[in-house]
Amino acid sequence: MARVTLQDVTKRYEDVVAVDEMNVEIEDGEFVCLVGPSGCGKSTTMESIAGLTKPTDGTIEIGEADVTTLPPKDRGVAMVFQNIALFPHMDVYDNISFGLRLRDYDTNEIDRRVEHATDVVQLEGMLDRMPEEMSGGQRQRVAIARAIVREPSVFLMDEPLANLDAKLRVHMRTELQRLHQELDTTIVYVTHDQAEAMTMSDRIAVINSGSLQQIDPPLVCYNEPANLFVAGFIGSPSMNFVDGRLTAFGLETDTFDLKFEPEHLDGVSVGDDVTMGIRPEDVYLSDIGQSADDETAPIGATTDVLEPMGDEIFVYLDLEHESGAPTDEGGMGASSNQLLLSVEPDLEISENEAVTVTLDRSKIHLFDGASGEALTHGIEDLADSPLEQGKPNVGGPDE
Amino acid sequence: MATTDQSSTEQETTGQPSSEPEGGPLERWAQSLVTNKDKRDRLYKLLFYVAAGFFLVTTLFPFYWLLVLALTPNSQIIGGDWGVPIPFVGTEIPFPHPQGFNVHAFVEVFQQVPFHLYVFNSFVLATATTIIVLAIASLAGYVFGRLDFPGRGPLMLAVLVVSYFPPAAFLVPLFDAFLGNAIVVPFVGWELISAPRLVNTPGSMIMPFSALFLPLAIFILTTFYAQIPDGLEDAARVEGTTRLGALFRVIMPLSAPGIATAAVLTFISVYNEYFFSSIMSLQNQPEQWSPLVGGILSYQDQYTTDFNLMAAASIIGVIPVVIIVILAQERIVSGLTAGALKE
């Protein structure tokens, strides 16, 4: 068990910067997920910790020791790979005991530890099987047993569940959490799946284009994303974004206005581009009497596509244009004229229906349009009631 | 053929049995082949045995011929009547067969010359060369196959260029150097090093052999090592091996077919080698590391040639190679059938 500290870790390849001045401190016994889209540098970060890649710059400490120049075998880490990477020419016992045999452990000690490890991952009675005779889930468990048998100070897991089918993945997810409780070892876990990150980790490190965007507990990342990227990446379906401009009265977009006192926002001034973000569950359908404690003025919209999920329905809304200028519709992180909201599964709703929605003011995020940095999470404290009452179709509580 | 095709398609469309035979017997037979799957399978099987039999006969007949020569007393070989047919199921076919049964030749081989020493020489040379080649080619194959570094392509090409030269091109300078003469810069006369006298020692043969057979082995191992997934090597390194340890414990066992191929090719080439070793061993004597072929040729002197002994010696000389190839074959086949290279 040990802390892992990354200090200004940078990895440059000939023409690309894979990891850019990464600073992360992982506490002893913590479960940290490195999460980000493909090619964001999370695996390179992991490989740097493991010692498989030498960082161009910066230092890596495990425990109290600077391991930046140590080979992988001397770092006291164990790793589980995305492609499982069992040695195909060895049976399960040889695979699990590989590291112990290399270190000349006593045979009895090896047997004891292998038995314990297979116990933990529930692989009893399979020790003489060859990897090719096992299913994907069993192989992954052998790989995990191979990692825990050495009782490492840090576990590194590089998308260990990515190659498993969906059902098995959820099952292994809980097993990994149980394993973490049992072993209480520092775990660094790389994934591109934000659901895995949300459910398992103590803290999530969101990485994009080689640089750390935010490292916080899952719910903090969810509720108080540091910037547009984190807001769009964490949460499924992802956050709604609407581009707008800051006015003296609040936020003005192509389709609706939000009313608040902009002086309280640091770093932006009237006229700057600001992007509003709101999660699907914080959009309320006022037609059926849904409302938040502190909601914005009603916004007219038309339903577009419905996605019944069973436990809820995702409704895509086309916002009614005020100016008529179409904005481009994009995916994650890009703003669009669409709002996504989730409603109860038994709600009678059809496509192309005119509806009115309100937004929960306490859940509205504002991001600097230029830098993408978060300005505020929740605008309820910024509200200035006297001003809002003057104009129709403005945000803020009706009372 | 056209008629056959036609009639067969006719048959398929009309669905009638071939009760109305047209054309000659060959045409009818061909038609029955097209329509009858059992007959077709039998024909394919027959063709397979014919082809396999052809290859077996062409490869094994030389050995049979060696055996015939070895068993026939030498006096009979030169004046022997090879046209004597042997009775075969009521008739007689001309087939070369031993003129007598002189098993004693296999003993005489060792009485006339110390043939076992020649075999030993070739075996030692081949084994030592194979070990050196595999050791160096494994490291080189790892570097070329698994590491990315500037100049990898040109360097690999440079290694392969060595194998483009005819070995004879190296012979004179090597012989000169191995004689123990000082190596002198041409025209200037500066003495670089005074080489040790290596002729009549295994070193004078193992070194050139290793150099000559390395490029091919490097090429084979590079392609095999390059196929091992990176994840396996990473896993081994995290588990506690060095890069070299991962090579020996994971990459090489998984590349067993490639290593066996390179080893067998090198071993057989060196074992059969005569050109270099006959020159590097100044006299054709086993004490001077004359190789197997030298031993076989020593049954021939100025006046007589013991063909039967040469044949017997050839058979004896082949045995070690046969054993090794069979053992390696086992590895090659098991390596291929395991098919375990996917992660």
Side-chain angles (χ1 to χ4, degrees), chain A residues 13-14 43 46-47 49-53 70-91 94-105 130-134 136 139-140 142-150 152 154-160 163, chain B residues 138-139 141-143 145-154 221 224-261 263 328 330-343:
Chain A
Y13 293 104
E14 272 168 37
S43 284
M46 167 81 78
E47 282 168 13
I49 300 174
L52 297 169
T53 301
L70 285 186
K73 66 188 181 76
D74 300 329
R75 296 190 175 203
V77 299
M79 193 158 171
V80 180
F81 293 83
Q82 174 178 2
N83 40 32
I84 300 175
L86 293 182
F87 306 122
H89 57 302
M90 300 180 189
D91 64 17
D94 284 347
N95 260 293
I96 295 176
S97 61
F98 186 77
L100 299 179
R101 286 184 287 127
L102 281 174
R103 289 174 174 76
D104 288 329
Y105 275 81
M130 297 303 280
E132 70 207 25
E133 300 165 354
M134 312 184 88
R139 283 186 214 179
Q140 192 54 275
V142 176
I144 293 169
R146 181 173 70 182
I148 58 184
V149 80
R150 283 178 34 222
V154 180
F155 270 119
L156 304 174
M157 301 196 180
D158 188 357
E159 309 212 22
N163 285 0
Chain B
S138 277
L139 298 177
Y142 178 86
V143 171
R146 304 194 63 80
L147 300 183
D148 210 8
F149 57 93
R152 178 172 64 170
L221 293 185
F224 269 86
Y225 291 174
Q227 287 168 12
I228 306 294
D230 288 346
L232 289 178
E233 190 190 347
D234 288 348
R237 288 175 62 205
V238 172
E239 284 295 301
T241 68
T242 55
R243 277 184 183 274
L244 209 58
L247 172 66
F248 286 119
R249 286 169 189 275
V250 175
I251 297 171
M252 282 177 73
L254 291 175
S255 307
I259 292 172
T261 309
E330 174 107 345
R331 287 300 302 155
I332 294 172
V333 172
S334 71
L336 288 180
T337 49
L341 286 188
K342 64 168 194 241
E343 288 176 85

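In the text below, chain A, chain B and the rest are named by the order of the sequence lines, each starting its count at 1.
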As an exercise: rank [options] by heavy-atom pairs under 4.5 Å with chain B and give me the winner.
| options | answer |
| --- | --- |
| Met130(A), Met79(A), Glu47(A) | Met79(A) |
| Leu102(A), Leu100(A), Asp74(A) | Leu102(A) |
| Leu156(A), Val77(A), Leu52(A) | Leu52(A) |

Open item on the list: Given heavy-atom pairs under 4.5 angstrom as the criterion, report whether the side chain, backbone, both or neither of Arg146(A) touches chain B.
Closed with: both
Open item on the list: Quick check on Phe87(A) against chain B: is it the side chain, the backbone, both or neither that has a heavy atom closer than 4.5 Å?
Closed with: both
Open item on the list: Restricting to non-hydrogen atoms, name the atom on Gly231(B) and the atom on Ala85(A) that form the minimum distance, rounded to 0.1 Å.
Closed with: O-CB, 3.6 Å
TODO: Considering non-hydrogen atoms only, spot the tightest contact between Val238(B) and Ala50(A) and give its length.
DONE: CG2-CB, 4.4 Å
Open item on the list: Within the 4.5 Å heavy-atom criterion, are Pro88(A) and Leu254(B) side-chain neighbours or not?
Closed with: yes
- [ ] Measure the spacing between NZ of Lys73(A) and CZ of Arg243(B) and express it to the nearest 0.5 Å.
- [x] 13.0 Å
- [ ] Starting at NE2 of His89(A), measure out to CZ of Arg249(B) and round the result to the nearest 0.5 Å.
- [x] 9.5 Å
